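Structure first, commentary second.
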There are 2 protein chains.
Amino acid sequence: MDNIEKLFASKNIRVTAMRLLIYKFLAEKQIAVTLSDIENAFDKADRTTLYRTIKTFEEKVIVHQIDDGTGITKYALCEKGCNCDIETDLHLHFHCNNCNETICLTDHKIPQIKVPEGFVSENVNLVVKGICDKCSGY
Amino acid sequence: MDNIEKLFASKNIRVTAMRLLIYKFLAEKQIAVTLSDIENAFDKADRTTLYRTIKTFEEKVIVHQIDDGTGITKYALCEKGCNCDIETDLHLHFHCNNCNETICLTDHKIPQIKVPEGFVSENVNLVVKGICDKCSGY
DNA sequence: GTATTAATGCACTTCCATTGCATGGTATTT
DNA sequence: AAATACCATGCAATGGAAGTGCATTAATAC
Ligand SMILES: [Mn+2]
Ligand SMILES: [Mn+2]
Ligand SMILES: [Zn+2]
Ligand SMILES: [Zn+2]
């Protein structure tokens with residue numbers, strides 16, 4: 001996993017054990033995770049470190065934040081070469097009402113949304129809620 | 001405002017002074033409000049009462065909850081005869097990055113969103129962020 | 001190896017949301 | 001109208017997530 005170290009270097013952040021672990025954790029999971037998910041996975045680590053690690057990742061566009069309406073912020077790894085900060089790149093998120101998991105639908109981009117005259121759209125958050133493929137028995 | 005009393009009766013909730021006041025407050029405002037907005041408007045009233053009043057309103061589909069991504073839950077009156085619980089009736093919300101106000105765009109319904117096979121869409125939350133008409137000087 | 005700079009750990013804080021329980025008020029029954 | 005049942009309110013306390021200050025420790029640069 002030398003790749004991760006290169007990624008960190010390209011973002012000008014130091015390579016630390018904790019950061020590598022958290023990155024791998026996020027990479028393994030195919031779903032968006034909360035801070036307490038990470039806490040539970042690394043219960044020997046300090047909460048603040050986990051918090052600041054994820055905030056650093058966010059700042060450096062290694063992860064993006066997801067507000068799925070549960071009231072708890074979730075995070076997921078950004079796609080390689082994504083532009084999560086640019087509106088046109090935004091994908092939608094799916095929250096399963098059954099298993100409570102939230103996933104990125106990275107190749108489902110958000111359609112152009114019409115707003116009334118005088119309004120300027122800068123950013124769009126779109127969350128679809130329902131039943132995921134695993135839970136629908138597909 | 002005898003109408004409000006009839007509305008309450010139709011929802012099987014008692015008519016109380018506080019409920020009437022809060023309802024009127026929401027009706028006057030054209031924007032979504034937080035609980036602390038209501039607290040500030042009625043500083044002699046108890047927070048819990050305000051909280052439970054708005055929760056009752058929500059349960060009875062008198063108001064709907066709005067998650068605009070600020071992390072603080074907002075509320076706005078439902079349209080007369082709305083079906084806020086049904087997907088097809090959902091409108092979008094606009095959050096102004098300048099004045100921080102959030103409004104319902106009640107006649108901007110959310111377009112049909114395609115989800116991958118196996119996924120079942122039950123509900124959609126769509127928040128557009130940008131500059132509102134007042135702030136854009138329209 | 002030393003200096004510099006950034007990451008970590010611990011304690012503490014703030015803010016919003018939510019609940020338990022006692023009390024007060026409104027509607028319903030007799 | 002009095003008694004009863006039911007619901008609304010007020011006060012106090014709690015929980016959970018998010019964020020900050022500061023001392024210590026580890027990673028990079030020289
Ligand atoms: Mn995503
Ligand atoms: Mn609305
Ligand atoms: Zn599911
Ligand atoms: Zn504005």
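What you are looking at is a predicted structure, and each value in this text was computed from that prediction instead of being measured.
- Side-chain atoms of A/Arg14 and base atoms of C/dT5 include a donor and an acceptor less than 3.5 Å apart.
- Proximity of B/Thr53 to the phosphate of D/dT9: a side-chain N or O atom is located under 4.0 Å from OP1 or OP2.
- Heavy-atom distances under 4.0 Å link DNA chain D to A/Arg47, A/Thr48 of residues 35-48 of chain A, given in residue order.
- Between D/dA8 and B/Arg19, a contact under 4.0 Å exists linking OP1 or OP2 to a side-chain N or O.
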Would you sort out whether A/Ile103 and A/Gln30 count as a side-chain contact (heavy atoms from CB on, under 4.5 Å), showing the intermediate values? CA-CA 7 Å; A/Ile103 64 167; A/Gln30 291 292 0; 5.9 Å; no
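- Within the nucleic acid shown, A/Val15 comes within 4.0 Å of sugar-phosphate atoms alone, with no base atom in reach, counting heavy atoms only.
- Taking atom OH of B/Tyr51 as the reference point, atom P of C/dG20 lies 12 Å away to the nearest angstrom.
- Distances shorter than 4.0 Å separate none of the side-chain N or O atoms of A/Thr49 from OP1 or OP2 on C/dA7.
- What separates NZ of A/Lys55 from P of D/dA18 is a distance of 8 Å, to the nearest Å.
- Here the side chain of A/Lys60 pairs no donor or acceptor atom with the backbone of A/Phe8 at under 3.5 angstrom.
- Remark: P of D/dT9 and CD1 of B/Ile54 are 13 Å apart, rounded to the nearest angstrom.
- Hydrophobic clustering of Ile, Leu, Val, Met, Phe, Trp and Tyr side chains at less than 4.5 Å, counting indirect connections, keeps A/Leu50 apart from A/Ile72.
- The side chain of A/Arg52 has C/dC10 as its nearest neighbour among C/dT18, D/dC11, C/dC10.
- Using a 4.5 Å heavy-atom threshold, the side chains of A/Glu39 and A/Tyr51 count as separate.
- A/Leu20 has its CG atom 15 Å from the C1' atom of C/dT8, to the nearest Å.
- Counting to the nearest Å, the P atom of D/dA18 and the CD atom of A/Glu58 are 11 Å from each other.
- Across the protein-nucleic acid pair, B/Leu50 atom CG and C/dC16 atom P stand 14 Å apart, rounded to whole Å.
- Within the 4.5 Å cutoff, the side chain of B/Cys104 has no heavy atoms near those of the B/Leu77 side chain.
- Both B/Thr73 and A/Met18 sit near DNA chain C, but only A/Met18 has its closest nucleotide nearer the 5' end.
- Residue A/Thr34 is out of contact with every strand shown, counting any heavy-atom pair closer than 4.0 Å.
- Put simply, the side chain of A/Leu26 does not reach to within 4.5 Å of the side chain of A/Ile62, judged on heavy atoms.
- Contact check, B/Thr56 against D/dA8: no side-chain N or O comes under 4.0 Å of OP1 or OP2.
- Rounded to a whole Å, the CD1 atom of A/Ile72 is 20 Å from the P atom of C/dC15.
- Between A/Phe8 atom CZ and C/dA6 atom C1' there is a gap of 15 Å when expressed in whole angstrom units.
- In the hydrophobic clustering of ILVMFWY residues, with side-chain heavy atoms under 4.5 Å counting as a link, A/Tyr75 and A/Met18 come out together.
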